[in-house]
*Asks:* 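One structure is given below, represented as structure tokens, and several questions about it will come after.
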Amino acid sequence: MNEEKDMADARTILAGYRASIDNIDAALIHMLAERFRCTKAVGVLKAEHGLPPADPAREQQQIARLRQLAHDAHLDPDFAEKFLNFVVREVIRHHEQIAASSSGGTKNPLPTA
Ligand SMILES: C=C(O[C@@H]1C=C(C(=O)O)C=C[C@H]1O)C(=O)O
């Protein structure tokens, strides 16, 4: 039957799209892991030098840049901004944890006793 063939063709096309989606999701996970590996190192550097976990001026620059990139790529700029903010919030949480668990956040802490 034609309907059955149409359905079988649709399932084949769907499976092809899903294979690409799975590859893209894997790439996103690897890229996020690499980004967090880098931002954790930034957190250690900031804690060692007494720098604040968050840098709102830098974030504003990133938002403006990513909104433009999203626009050019036909991705919703509001979504791109929300996604960046979501990731940055988690980064700042890590930086706060690193600062709290490091020895006073100084590179060469004074002896305590
Ligand atoms: C990574 C940094 O720390 C924070 C996290 C940012 C990010 O995830 O891109 C950007 C600015 C900071 O609020 C940084 O200062 O570069």
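Counting convention: from 1, in listed order, for ligands and their atoms alike. Counting begins at 1 with the first residue of the sequence.
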*Asks:* Does a salt bridge link Lys46 with Asp55, judged by any charged N lying under 4.0 Å from a carboxylate O?
*Replies:*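 Salt bridge between Lys46 and Asp55, a charged N being under 4.0 Å from a carboxylate O: no.
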
*Asks:* Based purely on interatomic distance, does Gln62 place a nitrogen or oxygen under 3.5 Å from a nitrogen or oxygen of ligand 1?
*Replies:*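 Yes; the residue has a nitrogen or oxygen that sits under 3.5 Å from a nitrogen or oxygen of the ligand.
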
*Asks:* For the residue pair His94 / Glu90, report whether a side-chain donor-acceptor contact shorter than 3.5 Å exists.
*Replies:* yes

*Asks:* List every atom of ligand 1 that sits less than 4.0 Å from any heavy atom of Val91, numbering the atoms from 1 in the order shown and giving each element.
*Replies:* 5 (C), 8 (O)

*Asks:* Give the atoms of ligand 1, by number and element, whose distance to some non-hydrogen atom of His95 is under 4.0 Å.
*Replies:* 1 (C), 2 (C), 3 (O)

*Asks:* Within the 4.0 Å heavy-atom shell around Arg35, which atoms of ligand 1 are there?
*Replies:*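 Numbered from 1, ligand 1 contributes 7 (C), 8 (O), 9 (O).
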
*Asks:* Are Pro56 and ligand 1 in contact, using a heavy-atom cut-off of under 4.0 Å?
*Replies:* no

*Asks:* With respect to atom 14 (C) of ligand 1, which of Lys46, Glu90, Arg89, His94 exhibits the smallest heavy-atom separation?
*Replies:* Lys46

*Asks:* Identify the protein heavy atom lying closest to atom 16 (O) of ligand 1, giving its residue, its atom name and the separation to 0.1 Å.
*Replies:*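 For this ligand atom, the closest protein heavy atom is Arg58 NE, 4.1 Å.
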
*Asks:* Closest non-hydrogen protein atom to atom 12 (C) of ligand 1, residue and atom name please, with distance?
*Replies:* Asp55 N, 3.4 Å

*Asks:* Using the side chain to side chain donor-acceptor pair (under 3.5 Å) criterion, which residues pair with Asp25? Sequence neighbours excluded.
*Replies:*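 Partners of Asp25 under the side chain to side chain donor-acceptor pair (under 3.5 Å) test: none.
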
*Asks:* With distance as the sole test, does His74 use its side chain to make a donor-acceptor pair with the main-chain N or O of Ala70 at under 3.5 Å?
*Replies:* no

*Asks:* Could you go through the salt bridge (charged side-chain N to carboxylate O under 4.0 Å, His left out) check for Arg93 and Glu96 one step at a time?
*Replies:* CA-CA 5 Å; Arg93 198 177 66 79; Glu96 287 167 349; over 6 Å; no

*Asks:* Does the His95 side chain pair with the main chain of Thr39, one donor and one acceptor, at a distance under 3.5 Å?
*Replies:* yes

*Asks:* Return the residue, atom name and 0.1 Å-rounded distance of the protein heavy atom closest to atom 13 (O) of ligand 1.
*Replies:*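 That would be Glu59 OE2, 2.4 Å.
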
*Asks:* Using the test side chain to side chain donor-acceptor pair (under 3.5 Å), find all partners of Asp9 that sit at least two apart in sequence or belong to another chain.
*Replies:*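 Testing Asp9 for side chain to side chain donor-acceptor pair (under 3.5 Å), a comparison that skips the adjacent residues, returns Lys5.
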
